[in-house]
Amino acid sequence: MACWTAHDRSVRLRHRLWIGTGIANADEQVGISRLPDTLRAQRHHRNLVARHGRRWVRNAYPDARKMFFAWLQQSADPFDLLDTARRILTDGTGKRPSPDLTLTMVFHPQVVTLAGLLAGREWERRAVATGPSPGSSSRSPSATSFSATSPRTARTP
């Protein structure tokens, strides 16, 4: 039996199982009762969908994941979080999760938080209010512009 979940269904809260990214079948689901922040992140993710809409959070989540893991690759794991998590987590067959799956589960709270920032409109309002930074050309690839008629700004709060 293959498992498929939506972006906002990474954790089965009732059973405290990771069922999201990295899980191909039911036997691979990992018990995460020892990762309370990951359980809370699932609730937060669900609240983000209710607040901002499924489409906005679905679009923001992969970007947040890419950004966070790019930042993580540039730094070390000073507290050995990943090794510790791999020692305490097991899947349905008693095997330890892969390093990539462990990384995804342990840092899910941070990715969800970043997705919430990206899905929110506050950063967009600030960018529109302040305009381009001084000295930047409007043709600069790093300059961000928003149109009052863009579908993003036309959204109702």
Side-chain angles (χ1 to χ4, degrees), residues 1-128 130 133 141-144 146 151-153 155 157:
M1 174 176 86
C3 294
W4 178 88
T5 60
H7 70 94
D8 59 327
R9 308 280 183 193
S10 296
V11 176
R12 171 95 188 210
L13 290 171
R14 178 178 290 164
H15 298 104
R16 298 177 181 206
L17 292 172
W18 181 265
I19 59 172
T21 304
I23 302 299
N25 63 58
D27 289 341
E28 295 175 352
Q29 295 174 1
V30 178
I32 58 168
S33 59
R34 298 184 74 182
L35 298 175
D37 289 343
T38 301
L39 294 167
R40 281 190 289 276
Q42 177 60 37
R43 289 182 188 93
H44 182 57
H45 200 157
R46 193 173 51 201
N47 291 339
L48 288 173
V49 169
R51 183 178 315 130
H52 300 294
R54 181 172 302 280
R55 185 175 98 187
W56 300 109
V57 178
R58 182 187 65 230
N59 292 341
Y61 186 79
D63 292 339
R65 187 171 151 73
K66 286 178 199 168
M67 289 170 59
F68 186 79
F69 289 127
W71 291 334
L72 198 60
Q73 286 177 346
Q74 296 175 6
S75 64
D77 182 6
F79 304 108
D80 293 324
L81 292 173
L82 298 175
D83 288 338
T84 302
R86 284 202 75 217
R87 284 195 300 274
I88 65 171
L89 300 172
T90 59
D91 66 14
T93 64
K95 293 189 301 187
R96 297 191 192 292
S98 71
D100 288 342
L101 179 55
T102 302
L103 187 74
T104 299
M105 291 183 296
V106 168
F107 292 108
H108 183 63
Q110 291 81 1
V111 172
V112 169
T113 299
L114 185 54
L117 292 172
L118 295 176
R121 296 185 67 195
E122 183 59 28
W123 67 270
E124 186 178 12
R125 282 190 195 114
R126 289 178 186 219
V128 169
T130 60
S133 61
S142 63
T144 304
F146 297 94
R152 176 71 177 155
T153 57
R155 176 176 86 163

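With sequence neighbours excluded, the residues satisfying side chain to side chain contact (heavy atoms under 4.5 Å, CB included) with Arg16 are Ser33, Leu39. For Gln74, there are no side-chain hydrogen bond (donor to acceptor under 3.5 Å, both in side chains) partners two or more places apart in sequence or in a different chain. Scanning for side-chain hydrogen bond (donor to acceptor under 3.5 Å, both in side chains) contacts around Arg40 gives Asp37, with sequence neighbours left out. Partners of Arg12 by side-chain hydrogen bond (donor to acceptor under 3.5 Å, both in side chains), not counting sequence neighbours, listed by chain and number: His15. Under the side chain to side chain contact (heavy atoms under 4.5 Å, CB included) criterion, Ala41 pairs with His108, Pro109, Val112, not counting sequence neighbours.
Separation of atoms OG1 (Thr102) and CH2 (Trp18) is listed at 11.0 Å; rounding is to 0.5 Å. Atom-to-atom distance recorded for Asp63:CG and Leu117:CG is 13.0 Å, nearest 0.5 angstrom. A distance of 8.0 Å separates CD1 of Ile32 from CG of Leu13, quoted to the nearest 0.5 Å. With rounding to the nearest 0.5 Å, the separation of CG in Asp100 from CZ in Phe69 is 9.0 Å. Rounding to the nearest 0.5 angstrom, the gap separating the CG atom in Asn47 from the CD atom in Gln42 is 10.0 Å. Here Arg9 contributes atom CZ and Arg46 contributes atom CZ; the two are 7.5 Å apart, rounded to the nearest 0.5 Å.
Here the shortest heavy-atom pairing between Ala64 and Val111 reads CB-O, 3.6 Å. When all heavy atoms of Ala115 and Tyr61 are compared, the pair lying nearest together is CB-CA, 3.9 Å.
Under the 4.5 Å side-chain criterion, counting only non-hydrogen atoms from C-beta, Arg55 is in contact with Asn59. Here the side chains of Ile23 and Leu17 are not in contact, with every heavy-atom distance at 4.5 Å or above. Taking 4.5 Å as the limit, every side-chain heavy atom of Leu72 sits out of range of all side-chain heavy atoms of Gln110. Residues Met105 and Val11 have side chains not in contact (no heavy-atom distance under 4.5 Å, counting atoms from C-beta outward).
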Show every donor-acceptor pair shorter than 3.5 Å between a side-chain atom in residues 92-99 and any protein atom, with sequence neighbours excluded, or say none if there are none.
| unit_1 | atom_1 | unit_2 | atom_2 | d |
| --- | --- | --- | --- | --- |
| Thr93 | OG1 | Asp91 | OD1 | 2.8 |
| Arg96 | NH1 | Arg86 | O | 3.3 |
| Arg96 | NH1 | Arg87 | O | 2.8 |
| Ser98 | OG | Leu101 | N | 3.1 |

